[in-house]
Amino acid sequence: MAMDLKRFPAVVQTVPYIAPNVRIYYPRVVGMQNQRVQEKINQSIVAQVQQLIAEQLKVQIQGRTEMYGFYELKTNERGVLSLTQVNYAYTPPMAHGMTFVKSLTFDLGAGKAYSLSELFKPGSPYVQTVSENIRVQIEERDLPLLGPFKGIRPDQDYYIADKALVVYFQLYEIAPYYAGFPMFPISVYELREMINGNSPLGKMLPAI
């Protein structure tokens, strides 16, 4: 029986981007049989690195900005690669640095990066369901907020880890700086009726 190579973990190398006062380490997928798909994935990763740099330059004051970036693999199995990229920057004499986190979740077969909405069946009330789950977690964790929680955006940031959808918010998005990045894991089993079975989140469900 032929092996389904698409379900094997991706081989990931760390690539450094070093410039004056800048050290960024980002992932690159290598060794895939389909070079077109591999290039598509790597282009998406580099584009996000550039996006994070641009976001930092919008909030930093003029001066000697120091920037550091790294990544974390969250899922690398079942033909799914989900990762986060972190970018921290500080320009003296700001009170503190600023950090941004963004993520990408790929179907390794096609090299497609999925938005949050694409994880679910068309027309499903995922925004309401996920928002309500987060609202409960906020109350259970007594999380400090900047104002009443109004729910997630349809394109809210997320990653996949340990058979869970992890929805998260940027610094200051819903909570004060000292609260960090509020992250809310939701088991795939709680969402299974709405999940698009062909999406990366669908691949985390056990085969029936």
Side-chain angles (χ1 to χ4, degrees), residues 9-10 12 26-27 29 40-41 43-52 55 69-88 99-141 143 145-146 149-175 179-206:
V12 179
Y26 63 92
V29 175
K40 185 177 180 181
I41 292 170
Q43 286 177 350
S44 296
I45 292 171
V46 171
Q48 189 173 81
V49 172
Q50 295 170 341
Q51 176 194 357
L52 286 165
E55 287 296 316
F70 64 93
Y71 70 94
E72 294 180 351
L73 299 182
K74 300 298 186 178
T75 293
N76 189 9
E77 62 174 326
R78 301 189 181 192
V80 174
L81 178 64
S82 189
L83 58 92
T84 58
Q85 299 199 90
V86 181
N87 185 297
Y88 169 84
T99 305
F100 291 103
V101 178
K102 299 299 285 185
S103 44
L104 289 165
T105 297
F106 296 101
D107 175 340
L108 290 174
K112 174 178 169 55
Y114 277 70
S115 65
L116 182 63
S117 64
E118 293 174 312
L119 301 179
F120 298 95
K121 298 173 182 176
S124 64
Y126 77 93
V127 170
Q128 296 91 329
T129 301
V130 171
S131 295
E132 183 55 33
N133 188 296
I134 290 174
R135 189 172 286 108
V136 170
Q137 291 193 49
I138 288 173
E139 294 178 359
E140 291 176 346
R141 291 155 54 178
L143 184 73
L145 298 180
L146 294 173
F149 178 63
K150 298 179 180 179
I152 67 166
R153 305 187 315 272
D155 64 343
Q156 193 68 47
D157 293 316
Y158 82 93
Y159 59 84
I160 295 173
D162 299 326
K163 294 185 175 59
L165 172 70
V166 182
V167 176
Y168 65 95
F169 298 83
Q170 299 297 319
L171 296 178
Y172 298 119
E173 190 172 354
I174 65 169
F181 294 87
M183 298 190 177
F184 302 92
I186 305 172
S187 169
V188 293
Y189 300 103
E190 297 183 46
L191 304 168
R192 65 184 309 154
E193 297 303 320
M194 295 185 295
I195 292 175
N196 171 5
N198 294 320
S199 74
L201 195 60
K203 292 179 181 180
M204 297 298 106
L205 291 167

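Residues take their numbers from the sequence shown, with the count starting at 1.
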Evaluate the side-chain contact (heavy atoms from CB on, under 4.5 Å) criterion for residues Val166 and Ile160: first the C-alpha distance (whole Å), next the side-chain angles of each, then the deciding distance (0.1 Å), finally the verdict.
CA-CA 6 Å; Val166 182; Ile160 295 173; over 6 Å; no
Give the intermediate values and the outcome of side-chain contact (heavy atoms from CB on, under 4.5 Å) for residues Lys102 and Asn87.
CA-CA 9 Å; Lys102 299 299 285 185; Asn87 185 297; over 6 Å; no
Let me see the working for Tyr159 and Tyr168 under side-chain contact (heavy atoms from CB on, under 4.5 Å), right down to the final yes or no.
CA-CA 8 Å; Tyr159 59 84; Tyr168 65 95; 3.8 Å; yes
Show the numbers, then the answer: is there a side chain to side chain donor-acceptor pair (under 3.5 Å) between Thr105 and Ser82?
CA-CA 4 Å; Thr105 297; Ser82 189; 2.7 Å; yes
Step by step, would you call Tyr126 with Ser117 a side-chain contact (heavy atoms from CB on, under 4.5 Å)?
CA-CA 8 Å; Tyr126 77 93; Ser117 64; 3.1 Å; yes
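The distance from atom CG of Asp157 to atom CZ of Phe181, rounded to the nearest 0.5 Å, is 10.0 Å. Rounding to the nearest 0.5 angstrom, the gap separating the CG atom in Leu191 from the CG atom in Asn133 is 7.0 Å.
When atom types are taken as modelled, the side chain of Gln137 and the backbone of Leu143 share no donor-acceptor pair closer than 3.5 angstrom. Without hydrogens or angle criteria, Gln85 side chain to Ser103 main chain gives no donor-acceptor distance under 3.5 Å. Arg192 places no side-chain N or O within 3.5 Å of a backbone atom of Leu205 that could act as its donor or acceptor partner. For the pair Ser44 (side chain) and Lys40 (backbone), a donor-acceptor distance under 3.5 Å is present.
For Glu118, the side-chain contact (heavy atoms from CB on, under 4.5 Å) partners are Lys112, Tyr114, Ser115, not counting sequence neighbours. The side-chain contact (heavy atoms from CB on, under 4.5 Å) search around Gln43 returns Glu39, not counting sequence neighbours. Applying the side-chain contact (heavy atoms from CB on, under 4.5 Å) test to Pro122 and every residue at least two apart in sequence or in another chain returns nothing. Glu132 is linked by a salt bridge (Lys or Arg N to Asp or Glu O under 4.0 Å) to Arg135, counting only residues two or more places apart in sequence or in another chain. A search for side-chain contact (heavy atoms from CB on, under 4.5 Å) contacts involving Phe70 returns Tyr68, Glu72, Val86, not counting sequence neighbours.
Ionic pairing of Asp162 and Lys74 is not present here: no N-O contact between side-chain nitrogen and carboxylate oxygen is shorter than 4.0 angstrom.
With Phe120 as reference, Leu165 is the one residue of Asn196, Thr129, Leu165 to meet the side chain to side chain contact (heavy atoms under 4.5 Å, CB included) rule.
Screening residues 163-175 for salt bridge (charged side-chain N to carboxylate O under 4.0 Å, His left out), with sequence neighbours left out, gives Arg153-Glu173.
Using the six-membered ring where Trp is involved, Phe149 and Phe169 have ring planes that are perpendicular, over 60° apart on the 30 and 60° scheme.
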